[in-house]
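Data block below; observations after.
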Amino acid sequence: MRVFSSIDELRHTLDALRRQGRTVGLVPTMGYLHAGHMELVSRARAENDIVVVSIFVNPLQFGPAEDLSKYPRDLERDSTMLRQAGVNFLFWPGVEDMYSRPMLAVVDVPDLGRELEGAVRPGHFAGVATVVCKLFNIVQPQTAYFGEKDYQQVVIIKRMVDDLAVPVRVIAVPTVRDSDGLALSSRNVYLSEAERRAAVIVPQTLDEAERLVAGGLTNPGELEAKLAAFLSREPLANAEVVAVRDASTLQPVTSIADPVVVALFVRVGSTRLLDNRVVGDNRVIGNNRVVGGRGLPGKGVTR
């Protein structure tokens with residue numbers, strides 16, 4: 001595996017490979033990798049000649065009071081995992097490589113980015129869309145891979161790609177979960193033992209959503225209220241977003257007839273966790289993968 005921090009050097013290397021007819025897949029991450037990231041890598045390896053993984057903790061998507069400086073980092077560990085997984089190139093730029101001067105150009109999908117997580121993290125998704133667009137321009141992959149756990153992020157990136165005619169196919173890969181159902185996330189490392197036990201309320205709330213809809217509940221407001229009440233049974237959990245939205249557009253719905261996404265953004269202690277499930281058609285989109293063991297450190301860019 002070759003490691004690059006220079007945009008020009010990576011571009012030159014990939015240009016030569018593309019001229020040979022090699023296909024390129026990109027897995028954008030913010031590092032501190034876990035089994036969810038490695039599932040993206042595995043999918044990329046299966047579908048492309050060359051796999052590029054980027055590790056960049058993007059300051060544009062962090063608010064002033066958020067955890068940019070504390071975000072977990074371990075490049076040596078990440079590099080070992082990627083090398084063992086057969087990744088060809090690791091793109092590990094610094095902030096000075098990606099943003100050599102203050103960014104004046106910004107990519108935004110405001111109607112989608114102000115919803116849900118974006119309502120409590122203003123500007124977050126403009127930062128995500130900007131860095132992903134820049135990574136697409138640098139790497140020029142045919143295909144890019146993102147986790148379904150960051151459902152809103154996937155919807156926004158797909159819309160950006162469609163609206164701007166970016167020649168990249170965006171693939172959403174099912175969420176990887178711990179044995180008790182908690183979605184793997186790099187931020188899980190912040191949880192104390194008590195908070196980690198409490199965090200299971202998040203996937204349990206999604207189970208409850210599926211049960212209620214399967215039982216005939218069709219009023220989205222009533223479902224949101226019932227789920228908020230269910231979450232409130234855990235004293236360490238503070239729900240910031242409990243929302244039922246159209247699964248394709250993220251817009252509010254008046255009735256649960258077509259598939260809807262149940263989106264949760266929950267603070268457990270000081271750690272924000274997000275998760276989602278698509279319900280309403282008697283199936284769960286994507287067959288979530290479960291891994292055993294609590295020892296996996298776990299969070300899309302892919303978080």
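Quick caveat: nothing in here was measured; it's all calculated off a predicted structure.
A distance of 9.5 Å separates CG in L26 from CG in L14, rounded to the nearest 0.5 Å. Atom CD of E195 is separated from atom CG of N188 by 11.0 Å, given to the nearest 0.5 angstrom. In this structure, CG on L206 lies 13.5 Å from CZ on R211, to the nearest 0.5 angstrom. The OH atom of Y151 sits 14.5 Å away from atom CD of E117, with the distance rounded to the nearest 0.5 Å. How far OH of Y32 is from CZ of R187: 13.5 Å, rounded to the nearest 0.5 Å. The distance from the CZ atom of F125 to the CD atom of Q152 is 3.5 Å, given to the nearest 0.5 Å.
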Practice prompt. Assess whether side-chain contact (heavy atoms from CB on, under 4.5 Å) is satisfied between Y99 and K134, documenting all intermediate values.
Written response: CA-CA 10 Å; Y99 308 129; K134 188 158 188 171; 4.2 Å; yes
Task: salt bridge (Lys or Arg N to Asp or Glu O under 4.0 Å) assessment of R114 paired with D108 - done: CA-CA 10 Å; R114 286 193 293 259; D108 197 5; 5.9 Å; no
(message) For N88 and V52: C-alpha separation, side-chain torsions, deciding distance, then whether side-chain contact (heavy atoms from CB on, under 4.5 Å) applies.
(response) CA-CA 6 Å; N88 303 97; V52 180; over 6 Å; no
Is there a side-chain hydrogen bond (donor to acceptor under 3.5 Å, both in side chains) between Y145 and N48? Walk through the geometry before answering.
CA-CA 11 Å; Y145 299 82; N48 300 275; 2.9 Å; yes
Test side-chain contact (heavy atoms from CB on, under 4.5 Å) on L75 and W92 and set out the steps.
CA-CA 9 Å; L75 182 65; W92 178 54; 3.3 Å; yes
Dump the intermediate steps for side-chain contact (heavy atoms from CB on, under 4.5 Å) on F136 and V161, then the final yes or no.
CA-CA 10 Å; F136 285 175; V161 163; 3.7 Å; yes
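Legend: residues meeting side chain to side chain donor-acceptor pair (under 3.5 Å) with N137, ordered by chain and number and at least two apart, are absent. Legend: residues meeting side chain to side chain donor-acceptor pair (under 3.5 Å) with R73, ordered by chain and number and at least two apart, are absent. Residues that satisfy the side-chain contact (heavy atoms from CB on, under 4.5 Å) test with T249, not counting sequence neighbours, are D246, Q251.
Contact record, A183 with D275: CB-OD2, 3.9 Å, taken as the closest heavy-atom pair. Nearest heavy atom pair, residue S248 against residue V155, reads O-CG1, 3.8 Å. Contact between L116 and A263 at its shortest, heavy atoms only, is CD1-CB, 4.2 Å. Residues G36 and L184 come closest through the heavy atom pair N-CD1, 3.9 Å. When every heavy atom of E148 is checked against every heavy atom of N276, the shortest pair comes out as O-ND2, 3.0 Å. Closest non-hydrogen pair, V253 versus P220, comes out as O-CG, 3.1 Å.
Of the possible polar contacts, one joining the R45 side chain to the G86 backbone as a donor-acceptor pair under 3.5 Å is found. T205 places a side-chain N or O within donor-acceptor distance of the main-chain N or O of I201, the cut-off being under 3.5 Å. Between the side chain of T143 and the backbone N or O of R169 there is no donor-acceptor pair closer than 3.5 Å. At distances below 3.5 Å, not a single donor-acceptor pair connects side-chain atoms of S5 with backbone N or O atoms of P93. A donor-acceptor pair under 3.5 Å is formed between the side chain of H37 and the backbone N or O of H34. Using modelled atom types, no side-chain atom of E208 and backbone atom of L227 make a donor-acceptor pair closer than 3.5 Å.
Tested against F146, the residues L40, I157, T29 include a single side chain to side chain contact (heavy atoms under 4.5 Å, CB included) partner, I157.
Residues V128 and N58 are not in side-chain contact: their nearest non-hydrogen atoms beyond the backbone lie 4.5 Å or more apart. Proximity of V131 to F56: side-chain heavy atoms (C-beta onward) are separated by under 4.5 Å at one or more points. In this structure the side chain of T271 reaches within 4.5 angstrom of the side chain of L273, judged on heavy atoms. At a threshold of 4.5 Å between non-hydrogen side-chain atoms, the residues L274 and V266 do not count as touching. Proximity of F62 to H124: side-chain heavy atoms (C-beta onward) are nowhere separated by under 4.5 Å. With a 4.5 Å cut-off on side-chain heavy atoms, M81 and V41 do not count as touching. Inter-residue side-chain proximity for L17 and F89 is flagged as met; some heavy-atom pair is nearer than 4.5 Å. Taking the side chain as every heavy atom from C-beta outward, R121 and E66 approach each other to under 4.5 Å.
The closest side-chain donor-acceptor pair between T23 and D49 falls under 3.5 angstrom.
R83 and D78 are not joined by a salt bridge, as no carboxylate oxygen comes within less than 4.0 angstrom of a charged side-chain nitrogen. Classification of R196 and D180 as a salt-bridged pair holds, one side-chain N sitting under 4.0 Å from a carboxylate O. Of the charged side-chain nitrogens involved, at least one lies within less than 4.0 Å of a carboxylate oxygen, so that R277 and D207 count as a salt-bridged pair. Ion pairing between E47 and R43 holds under the 4.0 Å rule for side-chain N and carboxylate O.
Counting only residues at least two apart or on different chains, the salt bridge (charged side-chain N to carboxylate O under 4.0 Å, His left out) pairs with a member in residues 15-29 are D15-R18. Listed by first then second residue, pairs satisfying side chain to side chain donor-acceptor pair (under 3.5 Å) with a partner in residues 217-230 number zero, not counting sequence neighbours. The list of side chain to side chain donor-acceptor pair (under 3.5 Å) pairs with a residue in residues 229-241, not counting sequence neighbours, reads E240-R267, E240-R272.
Hydrophobic clustering (side-chain heavy atoms under 4.5 Å, transitive across Ile, Leu, Val, Met, Phe, Trp, Tyr) groups V139 together with V166. Note: the hydrophobic cluster containing V202 does not contain V200 (ILVMFWY, side chain heavy atoms under 4.5 Å, direct or indirect links). In the hydrophobic cluster analysis, where Ile, Leu, Val, Met, Phe, Trp and Tyr join through side-chain heavy atoms closer than 4.5 angstrom, V106 is grouped apart from I156.
Remark: R11 fails to qualify as a cation-pi partner of F4 under the 6.0 Å distance and 45° angle criteria applied to the six-membered ring.
Other residues, nucleotides and ligands place no more than 12 heavy atoms under 6.0 Å from the CD atom of E76.
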